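Down below is the structure, laid out as structure tokens.
When reading the values below, keep in mind they use all heavy atoms of this one structure, side chains included, and skip hydrogens, waters and symmetry mates. All of these numbers come straight from a predicted model, not from anything done at the bench. Each chain gets a letter, A, B and so on, in the order the sequences are listed, and its residues count up from 1.
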Amino acid sequence: MQVQTLKGFRDYLPADMAPRQRMIRSIEAVFERHGFAPLQTPALEYAETLTGKYGDEGDKLLYRFTDHGERQVALRYDLTVPLARVVAQHRGALQIPFRRYQVAPVWRADKPQRGRYREFVQCDADICGADSAVADAEVLVAGLAVLRELGVAAAQLHLNHREVLFGVLRLHGVDAAGAQLACIRAIDKLDKMPPAAVQAEIEAQAGLDAGGAAAVVQAFTAGTTVADWSARAAVAGDAAFVAALDRIQVVLDLCNAAGHGGAIVFDAAIARGLDYYTGIIYETRLTDAKVAGMGAVMSGGRYDNLIGLFAGSAVPAVGISVGLDRLFAALQELELVGGNEAAVPVYATVMAPELAAPTLRLVGELRRAGLRVEMELGGGKLGKQFERASKRGARAVLVIGSDEVAAGTVVVKDLRAGSQATVAQADAASYLRDLGIT
RNA sequence: GUGGAUGUAGCUCAGCUGGUAGAGCGCGGGAUUGUGGAUCCCGAUGUCGAGGGUUCAAGCCCCUUCAUCCACCCCA
């Protein structure tokens, strides 16, 4: 038997899980504060529910197998497609527009790398049944509020629109669908490849001549503003392009009004691989140099046709997804994880076996008072017990010897200050609270 | 799926041109038995990822395999 986790899968030991859990809780709190309700769906879905939604590359990464009942099943690849299934399946029971959040693991049979695992947790917030720019802005605002709540100041959300990509290409005479997709794929790499290499890829993959490819690259790297594109699109009479740009501008204005303007920037070169996106799309990168290379930590977009695949009739939707694991890794790197806050701030020593009962009685009272208290299990030398308390990160140590039992008191030592006091057992809880222990 | 690197005590690593393993940290014990983190003393660590081969002899060479890391692809 090999004692190991599967490739790309991890155990989360308490040292990591404690701050991770705090992070999850605060993300959930932010989503709830923004009016999203919790949803939970199964890890396993019928394979056909998931296949064909993520593009060819995505399909390859699905964990699929046949269950004992000969059903073709697959582990969920993201939280969005299962949400679409839920909305279609339970339409009558849900209030539309439906806003839900979900924090849950997803699985991709990818090749593991730094910041990339086969099992990882996504934190999604989506709005189904609203096609307005306000809905777009609401999910962006919620996502940006998460980053703000976690203390991530150096982050930038790059906002784009599917139709902007196509519109720019149409302006350059790239009309064939295949050439357009090839161009978009290449453009998406502008953040990691030099423009010349992207141009070469466009020539090779999309069949453009050198001049045309150069013009396309130039168009996406020039930093053209929404207004400028809008003027050019209007001149060209490209209504879809104009509409997309209008939408982007409105969303930018709304997010700005919500106080998140500084964290958003229009970026025509953002493309998203997942097939189901139809409107705005976005990716968020951390801008601190220490973690800039780790890839997107929060992305998503509008997918107006996905739910229709299940429901028969279209239900517009938009969502955002926070990559918990990457964000957590980044927070650790940036030293924003808030240290090793002790799981148990109070440690009760046991002087002698017969003193375990009176000690546990006091411990019980403290616990009922809401304090987190760990009981010594092994006994032995007091010095060793103090050492264990210290290693566990305890803030205070309780000592109850026979003298204290007789007097109804307890010795409370503040490990950080190094000082101690003898207090009445009845006052122990309030004394500990006065030390700042909760 | 393609290409590259690595795999030695719990952790980070050392091990010279092949002669059956070391350091630091951590861990355990102790320094006149009701007090931790500092210091000092003592101690245990290990199928050298796994399997096979070459050799009198392999951690070091060869093959296979597994795992990890990096790049591509794609993405959180």
Requested in this report: Could you tell me which nucleotide pairs with B/A67 by Watson-Crick or G-U wobble geometry, both distances under 3.5 Å, or answer none if nothing does?
Outcome: B/U6
Query - Main-chain N/O of A/V373 paired with A/R367 side-chain donor or acceptor, under 3.5 Å - result: yes
Query raised in the report: What integer number of Å spans the C1' atoms of B/U17 and B/C27?
Result: 37 Å
Query raised in the report: Can you check the A/D188 CG to B/C73 P distance for me, whole Å?
Result: 10 Å
Query raised in the report: Under the side chain to side chain donor-acceptor pair (under 3.5 Å) test, which residues partner A/D67, sequence neighbours left out?
Result: A/R71
Requested in this report: Using the C1' atoms only, state how far B/G59 lies from B/G18, rounded to an integer number of Å.
Outcome: 10 Å
Report summary line: Nearest-nucleotide check on RNA chain B, A/L6 vs A/V322; residue mapping nearer the 5' end is A/L6
Query raised in the report: Across the strands shown, which category fits A/G8 at heavy-atom distances under 4.0 angstrom: base, sugar-phosphate, nothing?
Result: sugar-phosphate
Query raised in the report: In the structure shown, which nucleotide is the Watson-Crick or G-U wobble counterpart of B/G37, with both distances under 3.5 Å?
Result: none
Query raised in the report: Applying a 3.5 Å limit to both distances, which nucleotide forms a Watson-Crick or G-U wobble pair with B/A44?
Result: none
Query raised in the report: Paired with B/G22 by Watson-Crick or G-U wobble geometry, both distances under 3.5 Å: which nucleotide is it?
Result: B/C13
Query - Side chains of A/L83 and A/C128 in contact at under 4.5 Å (non-hydrogen atoms) - result: yes
Query raised in the report: Separation of A/D11 atom CG from B/U68 atom P, in whole Å?
Result: 13 Å
Report task. Return the value, rounded to whole Å, for the distance between atom OH of A/Y54 and atom P of B/C74. Result -> 18 Å
Query raised in the report: Which one is paired to B/G59, where only Watson-Crick or G-U wobble pairs with both distances under 3.5 angstrom count?
Result: none
Query raised in the report: Is there a Watson-Crick or G-U wobble partner for B/U54 with both distances under 3.5 Å, and if so, which one is it?
Result: none
Query raised in the report: In terms of the angle between their ring planes, are A/Y303 and A/Y277 parallel, tilted or perpendicular, with boundaries placed at 30° and 60°?
Result: perpendicular
Report task. Check the distance between B/C74's C1' and A/E283's CD and give it to me in whole angstrom. Result -> 11 Å
Report task. Flag the pair A/F36 / A/Y101 as yes when their ring centroid distance falls below 6.0 Å, and as no otherwise. Result -> no
Query - Complement of B/G1, any strand, by Watson-Crick or G-U distances under 3.5 angstrom - result: B/C72
Report summary line: Side-chain contact check for A/R108: nearest option of B/A76, B/C69, B/G36 is B/A76
Requested in this report: In whole angstrom, give me the gap between the P atoms of B/C63 and B/U6.
Outcome: 13 Å
Expected rows: protein N/O vs nucleotides 30-35 of chain B N/O, under 3.5 Å:
residue : atom : partner : partner atom : Å
B/A31   : OP2  : A/K381  : NZ           : 3.4
B/G34   : O6   : A/D403  : OD2          : 3.2
B/G34   : O6   : A/E404  : OE1          : 3.4
B/G34   : N1   : A/E404  : OE1          : 3.0
B/G34   : N1   : A/E404  : OE2          : 3.0
B/G34   : N2   : A/E404  : OE2          : 3.2
B/U35   : O2'  : A/K413  : NZ           : 3.4
B/U35   : O2   : A/K413  : NZ           : 3.2
B/U35   : O2   : A/Q420  : OE1          : 3.4
B/U35   : N3   : A/Q420  : OE1          : 2.6
B/U35   : O4   : A/Q420  : OE1          : 3.4
B/U35   : O4   : A/Q420  : NE2          : 2.9

Query raised in the report: Rounding to the closest angstrom, what is the interatomic distance between B/U20 and B/U47 at atom C1'?
Result: 13 Å
Query raised in the report: Which whole number of Å gives the distance between the P atom of B/G29 and that of B/C13?
Result: 29 Å
Query raised in the report: B/C16 and B/G22: how far apart are their P atoms, nearest whole angstrom?
Result: 14 Å
**Report entry** No-H, no-angle donor-acceptor pair, A/R116 side chain to B/C70 base, under 3.5 Å
**Finding:** no
Report summary line: In B/S/- notation (B base, S sugar-phosphate only, - none; protein heavy atoms under 4.0 Å), nucleotides 4-12 of chain B written 5' to 3' is ---------
Report summary line: Separation of B/U39 atom C1' from A/E387 atom CD, nearest Å, is 14 Å
Query raised in the report: Ion pair present between A/E163 and A/R170, side-chain N to carboxylate O less than 4.0 angstrom?
Result: yes
Query raised in the report: Rounded to whole angstroms, how far apart are CD1 on A/I320 and P on B/C75?
Result: 17 Å
Report summary line: Closest to the side chain of A/E57, out of B/C72, B/C74, B/G28, is B/C74
Query raised in the report: Under 4.0 Å between a side-chain N or O of A/S299 and OP1 or OP2 of B/A76?
Result: yes
Requested in this report: For residues A/R302 and A/D131, determine if any side-chain heavy atom of one lies less than 4.5 Å from a side-chain heavy atom of the other.
Outcome: yes
Requested in this report: Specify the closest pair of heavy atoms between A/V410 and A/V399, including all atoms of both residues, with the distance to one decimal.
Outcome: CG2-O, 3.7 Å
Query - A/Q102 and A/D126, any side-chain heavy atoms less than 4.5 Å apart - result: no
Query raised in the report: How far does the C1' atom of B/A57 sit from the matching atom of B/A14, given to the nearest Å?
Result: 23 Å
Report summary line: Considering only heavy side-chain atoms of A/F120, the closest of B/G28, B/C74, B/A76 is B/A76
Report task. Test A/Y347 against every option in A/E376, A/K391, A/K413 by the side chain to side chain donor-acceptor pair (under 3.5 Å) rule and name the one that passes. Result -> A/E376
Query - Rounded interatomic separation in angstrom, taking CZ from A/R395 and C1' from B/G36 - result: 14 Å
Requested in this report: Would you tell me whether A/T409 and A/Q425 have side-chain atoms, one donor and one acceptor, within less than 3.5 Å of each other?
Outcome: no
Query raised in the report: A/I320 pairs by side chain to side chain contact (heavy atoms under 4.5 Å, CB included) with which of A/T284, A/L140, A/D136, A/V146?
Result: A/L140
Report task. Assign each of A/F9 and A/D325 to its nearest nucleotide of RNA chain B by heavy atoms, then name whichever residue's nucleotide is nearer the 5' end. Result -> A/F9
**Report entry** Same-atom distance (P) from B/G24 to B/C70, integer angstrom
**Finding:** 31 Å
Report task. Would you classify A/A389 as touching base, sugar-phosphate or nothing, given that sugar-phosphate means primed atoms plus P, OP1 and OP2, and contacts are heavy atoms under 4.0 Å? Result -> nothing
Report task. Please state how far atom CG in A/D56 lies from atom P in B/C74, giving the value in whole angstrom units. Result -> 12 Å
Query raised in the report: Quick one: which of B/C74, B/A76, B/C73 gets closest to the side chain of A/Q113?
Result: B/C73
